[in-house]
Amino acid sequence: MSKQNAIAVGIKDSTQSEAALIWAGRRAEQRSVPLTIVHVVDDRWLIEPSSWRDSFRRSGEKLLEAASARIGELFNIDVTTELLVGSVAASLGQYARNTSLMVVGSGSPHLGGTLTDRALQIAGASEGPVAIVGAIDDYRDRHGVIVGVDGSEHSLKAVAFAAAEADRDGQELTVLHAYNAPEPSTDAGLAPAELRRLINDQERLILSETIAGLSVSYPDLPVKKVSEPHKEPVRALVEASVNARLLVLGSRGRGGFSRLLLGSTVHGVLTHMACPTIVIPPERASDQR
C-alpha cells in the first residue's frame, strides 16, 4: 500500500485530538488503508536549555506510543507513527501532500465558535484534503454527505470528492448552493425585478451544471439539489450539516482572493462546524501537468 493511500492524523493532548484519532482509525479500517499518527513538536519551544528540547521530544514520543496502542486495541489496521519538528500548520500541511487525507481535531470553544486558530491554519496550509473533527468521534448515527457549491473550480473539486465519498458509503449527496439574491421587499429600489430574475436564473444554472455528469459517474447515487437564494452561505451550510455525517467544501470560492489560504465561507463554517468537515485545496501546479 503506497503512502499516498494512507490516512494521516495529527494529534496533540486534547479531547478533540482523541476524537480525530478514533475517526481517522475508523475511516482507515473502512477503507482498508494504513494510518500514520503524526505529532509535531512546535519549534517555537525548542530553545535553550537543551533539556527542554529533549523533554518536548520525549513527551511527543509518549503521546504517539499511547495513540498507537489505542488504535491497535480498536481497529485492525497497519499503524505507524512519526514525530516531526517545526511549525505545526506548515509541517502537517506539507505532510498531507502525500496522503489521501490529513485528519485533525477541532479546538476548544472560543469567540462563539468551535475551532482554534491552529486547526484553521492547518486547513489553510494543507497541500491535500484535510478533515476537521469535533469532540464527538462517532457520527455513524447521522446520514448524508453535504457539499457546498458556488460554481468555482474549488467547489467542483469538492463535488467530485463528496460524490465519491457518498457513493462509497451508500449515503445521499446533498449539493447546496446558497447566495444572497436581491430581496424583493427591501432591495426593490436597488435591483429591478428583471435583474433579480436574471441573477436567480444564473445561480440555478450554476447548480444544475455543477451536478451534471454525476448520474453517469455514479448511477446509483441519490443526489439532492438545494438552492438557498436568501440565506447567507455560512448559515445555510451549518444548518444543513447539523445531522449530516460529513460536509465537504472547497478551500476558496469564486469570490475569494487567491492570496487567501481559506475563503470567508469556509472560515465561517469551520468556526461553527456541526459535523466532520473536509476541506479540499486547489490543485498544485505539479498536479496539472
Side-chain angles (χ1 to χ4, degrees), residues 93 96 100-102 115 120 122-132 144-169 171-181 199-218 221-241 244-285 287-288:
S100 62
L101 185 69
M102 170 63 71
L115 197 73
L120 283 168
I122 294 168
S126 178
E127 299 184 34
V130 174
I132 300 94
V145 175
I146 313 288
V147 58
V149 302
D150 64 1
S152 67
E153 191 67 29
H154 291 73
S155 73
L156 293 177
K157 286 191 64 181
V159 169
F161 187 98
E165 286 284 309
D167 186 67
R168 185 185 297 114
D169 295 336
Q171 298 290 314
E172 179 183 62
L173 175 66
T174 297
V175 183
L176 189 153
H177 178 36
Y179 59 99
N180 292 315
I199 290 175
N200 285 324
D201 287 348
Q202 179 183 10
E203 299 301 332
R204 281 194 290 269
L205 180 62
I206 286 174
L207 182 56
S208 296
E209 290 181 341
T210 296
I211 67 171
L214 286 183
S215 60
V216 175
S217 300
Y218 304 101
L221 174 65
V223 179
K224 178 181 178 182
K225 293 191 302 181
V226 176
S227 179
E228 295 279 10
H230 301 296
K231 188 175 287 186
E232 197 273 329
V234 171
R235 178 186 169 196
L237 289 164
V238 171
E239 290 180 356
S241 60
R245 182 174 290 195
L246 183 68
L247 172 64
V248 182
L249 300 169
S251 60
R252 289 194 302 273
R254 64 185 182 185
F257 295 97
S258 60
R259 63 182 174 81
L260 298 179
L261 296 177
L262 288 178
S264 60
T265 297
V266 179
H267 190 283
V269 169
L270 291 183
T271 53
H272 298 86
M273 56 182 286
C275 73
T277 300
I278 295 181
V279 179
I280 309 299
E283 289 186 358
R284 302 186 308 275
D287 295 332
Q288 300 172 357

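A donor-acceptor contact shorter than 3.5 Å is absent between the side chain of Ser217 and the backbone of Leu214. A donor-acceptor pair is defined here as one N or O able to donate and one able to accept, closer than 3.5 Å; such a pair exists between the side chain of Ser152 and the backbone of Ser155. Not one N or O on the side chain of His154 forms a donor-acceptor pair closer than 3.5 Å with the backbone of Ser251. A donor-acceptor contact shorter than 3.5 Å links the side chain of Gln171 to the backbone of Gly144. Although no hydrogens or angles enter the test, the distance criterion places a donor-acceptor pair under 3.5 Å between the side chain of Thr277 and the main chain of Cys275.
Nearest heavy-atom pair across Pro281 and Ser126 is CB-O, 3.8 Å. Listed here is the closest heavy atom pair of Ala160 and Tyr218: O-OH, 4.2 Å. Closest approach of Ile278 to Ala131, counting heavy atoms only: CG1-CB, 3.7 Å. Taking both residues in full, the closest heavy atoms of Ile132 and Ala123 are given as CD1-CB, 4.2 Å, listed atom of the first, atom of the second, then distance. The minimum heavy-atom distance linking Ala162 with Leu173 is given by the pair CB-CD1, 3.8 Å.
Between the CE atom of Met102 and the CD atom of Glu127 there is a distance of 11.0 Å, given to the nearest 0.5 Å. Atom CG of residue Leu221 and atom CD of residue Glu165 lie 11.5 Å apart, to the nearest 0.5 angstrom. The CD atom of Glu172 sits 8.0 Å away from atom CD1 of Ile146, with the distance rounded to the nearest 0.5 Å. In this structure, CD in Glu209 is found 9.5 Å from CG in Leu156, a value given to the nearest 0.5 Å. A distance of 10.0 Å separates CD in Glu232 from CD in Glu239, rounded to the nearest 0.5 Å.
You'll find the side chain of Leu120 reaches within 4.5 Å of the side chain of His267, heavy atoms only. At least one side-chain heavy atom of Val149 sits less than 4.5 Å from a side-chain heavy atom of Val159. The shortest distance between side-chain heavy atoms of Asp150 and Thr265 does not fall below 4.5 Å. Pro229 is listed as a side-chain neighbour of Tyr179, based on a closest heavy-atom distance under 4.5 Å. Looking only at side-chain heavy atoms (C-beta outward), Val145 and Val147 stay at 4.5 Å or farther from each other.
Checked options Leu207, Leu176, Thr210; the residue passing with Lys225 is Leu207 (criterion: side-chain contact (heavy atoms from CB on, under 4.5 Å)).
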